[in-house]
Asker: 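For reference, the structure I am asking about is given below.
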Amino acid sequence: MYDLILKNGKVVSPEATLEYDIAIANGKIVALGQFDESLATRVIDVKGKYIMPGVIEAHMHCQAPFQGCLGANTFYEQSISGAFGGVTMFMDFANMSKGDSPYKQVLARAEEMAESAIDYSVHGKFVESTEEAISDIKKLSEYGIPTFKMFMTYKKEGVMSDDETLLKVFKVAKSVNGLPMLHCESNAIAEMNIDECISKNDMSWVNFAKCKPVLCEAEAFDRAVNYAEYIDTAILVVHTTNGKALDTARRVQSKGLPVYVETGPHYLTLFDDLYKGENGHLAICSPPLRTPKEAEELWQGLQDGTILLTGSDDCTFDVDEKSMFLEKNENGTWKQDFTKVVNGLSGLEVRLPILLSEGVNKGRLTINNVCALTSTNIAKIYGCFPQKGIIAPGSDADIVIVDMEKEVTLSKEVLHNNISYCLHEGMKIKGYPIMTISKGKVIVEDGKFLGEKGAGQFIKRKINPEYLKKYGLN
Ligand code: URP
Ligand code: ZN
Ligand code: ZN
């Protein structure tokens, strides 16, 4: 007897879309084919709908102290918001300051995340290369954490890794089949420009983006790639925003160097004109939003395989946190000072809808591409495939059902992310998740959350060494 049969759906993988039933028992997919309804406790007919592996979010910052802020959601609330966007597993980063043990910080973070309703994991983070810190790389990978994040900027915030740290982490990560993850922005360029704005007393929202132009990101991207080439190791660059960086990636990917690239939904759909508005601070993130030209370059990168990953980089700060260090002018407008605004945007719940609508329904991507970009490739590169990221016998029954005809106008009211604004307010979406299943249990149905606090489990990860030797996830 099965617990659940999904009948008549169009089952999506990166390679194909095929019609068959899915039989689920004890949280796992146990068989694919055609099954009699009498064989299951519950049968859901999903005729006309698409069945995709649950979305995996490998890039978010929840309850992460940063620039004096923390974020609006607990991990449980974050898992609810994610579930409405089809997310069935997420990963966050260890909180790190100098002197902290990366290993201990990962364990502490995993404990915090245990209240999640969906499965979860943690990335290590490095902010220095002391012997103790570096020796944690092996311990972490043995514990099931093979991914290590480093920031190439945020020196003043105390979390930047210097070049020596990058090289040391690259080298030791390579020896344990680990994968360094990089936030690429040149601290030197950003800091010089920011200091100039401060000296001119012009810290407008618009100037924030000017301080961190494409070259600020592309220089750091280039440097990280050169170091990866020197050490001959794999790296993953998060939240890439422009074609200049992608050209660097193309140059080395074509030689087989495993440089993996992620971009996020906000860089595809939101632009730097938002910084011209009074509430432009709500759109402050790093790297900053760019122009439609860069967004087109990203779509091109998604189409030609230069970008194999998407991540939301979700930072759910409400207006009060985004504004908490700002003052107002006499006329009630903001005294614009980007140095006092926490960086980061919310995006966990809208990543799949945006890719379905702007990607598939606008003819830029296939639904199979979106499956790879939101789930299969993420599971592969972060080391939880085939437990996650695929609809196949033996895999966890983490599933999202999608209605490609469903139309939704994005607004703060339709999202579940606990904040009082939506940067995509008014954006018309066609193609939306309508049901989310986590380990065989329906957790979102008919607009209701049915999951359970604490039902998520920590997922140990191990990356297939083939993905780290040569570019590509096949
Ligand atoms: O602006 C951003 N992206 N904030 C979160 C931290 C980071 O840089 O990823
Ligand atoms: Zn970042
Ligand atoms: Zn981030």
Side-chain angles (χ1 to χ4, degrees), residues 56-73 78 82 90-97 109 121-127 147-161 166 179-187 190-191 194 205 208-209 211-213 216-218 220-221 223-224 235-242 245 260-268 270 272 274-275 280-290 309-318 321-322 338-348 350-351 378 382 417 419 423:
I56 304 171
E57 180 58 77
H59 189 170
M60 67 175 202
H61 308 268
C62 177
Q63 292 289 303
F66 187 53
Q67 297 172 322
C69 300
L70 198 58
N73 285 335
Q78 184 84 343
F90 54 32
M91 306 177 205
D92 207 309
F93 302 87
N95 291 319
M96 283 294 295
S97 300
R109 199 68 168 147
S121 183
V122 187
H123 306 290
K125 195 192 285 170
F126 285 81
V127 297
T147 42
F148 315 108
K149 170 81 176 282
M150 282 170 289
F151 293 105
M152 294 173 75
T153 187
Y154 299 136
K155 188 173 178 186
K156 285 187 176 155
E157 286 81 355
V159 292
M160 185 184 93
S161 284
L166 297 185
L179 180 65
M181 301 166 67
L182 283 311
H183 171 130
C184 290
E185 282 188 300
S186 157
N187 194 74
E191 213 169 279
I194 292 168
W205 316 144
F208 170 76
C211 286
K212 296 176 153 212
C216 173
E217 182 185 339
F221 193 105
R223 191 160 21 111
I235 57 167
L236 189 160
V237 182
V238 296
H239 52 42
T240 302
T241 71
N242 66 84
Y260 294 94
V261 180
E262 175 207 87
T263 193
H266 44 307
Y267 297 116
L268 297 166
L270 298 174
D272 60 358
L274 285 178
Y275 300 129
H281 63 310
L282 301 181
I284 283 187
C285 61
S286 284
L289 300 177
R290 309 255 185 237
L309 309 152
T310 60
S312 72
D313 192 11
D314 186 276
C315 300
T316 299
F317 298 118
D318 206 346
E321 277 196 299
K322 278 286 203 186
F338 65 75
T339 66
K340 294 185 174 154
V341 178
V342 65
N343 291 205
L345 309 183
S346 179
L348 179 71
V350 296
R351 177 159 65 110
I378 320 282
Y382 287 98
N417 59 4
I419 58 171
L423 290 172

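Both ligands and their constituent atoms are indexed starting at 1 by order of listing. This is a predicted model, so every value here is computed, not measured. The figures here come from the full heavy-atom set of this structure, side chains too, leaving out hydrogens, waters and symmetry mates.
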Asker: Using heavy atoms and a threshold below 4.0 Å, how should the contact between Asn343 and ligand 1 be classified: side chain, backbone, both, or neither?
Answerer: both
Asker: Please report which non-hydrogen protein atom sits nearest to atom 1 (O) of ligand 1, along with the residue it belongs to and the distance in Å to one decimal place.
Answerer: Ser286 N, 2.7 Å
Asker: With the Zn ion (ligand 3) as the point of reference, which N/O/S atom of His61 is the closest?
Answerer: NE2
Asker: Suppose I only count heavy atoms of Tyr154 and a 4.0 Å limit; which atoms of ligand 1 are within that range?
Answerer: 1 (O), 2 (C), 4 (N), 6 (C), 7 (C), 8 (O)
Asker: If you round to 10 degrees, what value do you get for the angle at the Zn ion (ligand 2) between His239 atom NE2 and His183 atom ND1?
Answerer: 90°
Asker: If the cut-off is 4.0 Å to any non-hydrogen atom of His239, which atoms of ligand 1 fall inside it?
Answerer: 8 (O), 9 (O)
Asker: Could an N or O of ligand 1 be found under 3.5 Å from any N or O of Gly344, whether backbone or side chain?
Answerer: yes
Asker: Check Cys315 against ligand 1 and report side chain, backbone, both or neither, counting heavy atoms closer than 4.0 Å.
Answerer: side chain
Asker: With atoms numbered from 1 as shown, which atoms in ligand 1 lie under 4.0 angstrom from a non-hydrogen atom of Cys285?
Answerer: 1 (O)
Asker: What atoms in ligand 1 come closer than 4.0 Å to a heavy atom of His59?
Answerer: 9 (O)
Asker: When the aromatic ring centroids of Tyr382 and His123 are compared, is their separation below 6.0 Å?
Answerer: yes
Asker: Can you spot which of His59, Glu57, His266 makes a side-chain hydrogen bond (donor to acceptor under 3.5 Å, both in side chains) with Arg351?
Answerer: Glu57
Asker: When you compare the side chain of Asp313 with that of Val238, does any pair of heavy atoms fall below 4.5 Å?
Answerer: no
Asker: Under 2.8 Å from the Zn ion (ligand 3), can any N, O or S atom of His59 be found?
Answerer: yes
